[in-house]
Amino acid sequence: MNDKLKYGFAALIIIIFQSILKLYGVLLTGSLSFLSETIDTLTDIVFVSITLFSIRQSEKPPDMEHMFGHSKIDAIGALVQGIVLINLYGLLIFNVLQTLVTG
């Protein structure tokens with residue numbers, strides 16, 4: 001297994017453990033700040049999973065359909081992450097503006 005994948009899986013395990021602890025803290029305290037941190041950590045799990053998938057796919061050797069290899073999938077994985085982040089931030093900005101207008 002590649003070092004990138006080893007470190008990626010280690011990061012994924014750490015983030016999952018961290019989100020379990022944060023979720024326990026939310027259930028224990030009921031804090032909204034803790035809840036927002038937990039949701040942020042859960043999105044990190046999604047992003048690390050996308051990154052691991054793209055790294056694993058990019059290491060495949062060339063085949064008949066992909067004569068030059070699969071290395072471009074890294075860029076596609078980053079594009080997907082960017083699109084998800086833009087949509088999340090757009091939703092947050094919309095909610096903030098809606099709250100400011102309606103009071």
Side-chain angles (χ1 to χ4, degrees):
M1 184 183 286
N2 187 338
D3 284 343
K4 292 180 193 177
L5 289 174
K6 286 180 187 177
Y7 291 128
F9 281 119
L12 184 63
I13 290 169
I14 290 169
I15 293 171
I16 289 171
F17 180 70
Q18 184 182 21
S19 54
I20 290 170
L21 288 177
K22 287 182 180 180
L23 186 61
Y24 180 71
V26 167
L27 295 174
L28 198 64
T29 63
S31 170
L32 287 177
S33 175
F34 233 152
L35 180 62
S36 70
E37 281 294 318
T38 304
I39 292 171
D40 179 55
T41 307
L42 291 175
T43 59
D44 290 342
I45 290 172
V46 172
F47 290 149
V48 168
S49 299
I50 291 171
T51 302
L52 283 173
F53 176 76
S54 66
I55 289 172
R56 190 165 184 164
Q57 292 297 318
S58 70
E59 291 180 346
K60 286 184 178 180
D63 55 20
M64 290 304 289
E65 292 181 19
H66 307 94
M67 298 287 215
F68 299 105
H70 297 84
S71 63
K72 295 293 182 187
I73 199 164
D74 283 340
I76 294 171
L79 178 67
V80 168
Q81 290 179 17
I83 290 170
V84 169
L85 280 175
I86 287 171
N87 286 321
L88 284 174
Y89 289 139
L91 183 65
L92 286 172
I93 290 169
F94 175 76
N95 285 334
V96 166
L97 292 175
Q98 187 178 17
T99 303
L100 288 174
V101 169
T102 60

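All values below were derived from every heavy atom in this structure, side-chain atoms included, with hydrogens, water molecules and symmetry-related copies excluded. Bear in mind that the values here come from a model prediction, so they are computed numbers and not experimental data.
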* Asked: Mind checking whether Val46 and Val80 sit in one hydrophobic cluster, side chains of I, L, V, M, F, W, Y counted as touching below 4.5 Å?
  -> yes
* Please name all residues satisfying side-chain contact (heavy atoms from CB on, under 4.5 Å) with Tyr89, sequence neighbours left out, ordered by chain then number. => Leu85, Leu92
* Could you grab the distance from atom CZ of Phe94 to atom OG1 of Thr99, nearest 0.5 Å is fine? => 9.5 Å
* To do: Check whether any side-chain heavy atom of Val26 sits under 4.5 Å from a side-chain heavy atom of Ser31, and report yes or no.
  => no
* Gln81 and Thr51: side chain donor to acceptor below 3.5 Å -> yes
* What distance do Arg56 atom CZ and Lys4 atom NZ have between them, rounded to the nearest 0.5 Å? -> 14.5 Å
* **Val84: which of Leu88, Ile86, Asn87 passes side chain to side chain contact (heavy atoms under 4.5 Å, CB included)** => Leu88
* Asked: Is the closest side-chain heavy-atom distance between Ser54 and Ile76 below 4.5 Å?
  -> no
* Asked: Is there side-chain contact between Leu5 and Glu59, with at least one heavy-atom pair below 4.5 Å?
  -> yes
* Structure fact -> In this structure, CG of Asp44 is separated from OG of Ser49 (nearest 0.5 Å) by 10.5 Å
* Could you state the interatomic distance from OG1 (Thr29) to OH (Tyr24), rounded to the nearest 0.5 Å? -> 10.5 Å
* To do: Say whether Phe47 and Ile16 are linked into one hydrophobic cluster, either directly or through other cluster members, by side-chain heavy-atom distances under 4.5 angstrom.
  => no
* First locate atom OG1 of Thr41, then atom CG of Leu21, and finally report the distance between them rounded to the nearest 0.5 Å. => 10.0 Å
* Structure fact -> Residues Val48 and Ile15: closest non-hydrogen pair is CG2-CD1, 3.6 Å
* Asked: Taking a hydrophobic cluster as the set of Ile, Leu, Val, Met, Phe, Trp and Tyr residues connected by side-chain heavy atoms closer than 4.5 Å, whether directly or through intermediates, do Ile45 and Phe9 fall within one such cluster?
  -> yes
* To do: State, to 0.1 Å, how close Ser19 and Thr38 come at their nearest heavy-atom pair, and which atoms those are.
  => O-CG2, 4.2 Å
* Asked: Are Ile20 and Leu42 connected in the hydrophobic side-chain network, where two residues link if heavy atoms are under 4.5 Å apart?
  -> yes
* To do: Find the distance between CG (Leu79) and CG (Asp74) and round it off to the nearest 0.5 Å.
  => 12.5 Å
* So does Leu32 have more than 12 non-hydrogen atoms from other groups sitting under 6.0 Å from CG? -> no
* Structure fact -> In terms of heavy-atom contacts, Asp40 and Thr43 come closest through O-OG1, 2.6 Å
* Asked: In the single-linkage hydrophobic clustering (I, L, V, M, F, W, Y; side-chain heavy atoms under 4.5 Å), do Ile50 and Ile55 co-cluster?
  -> no
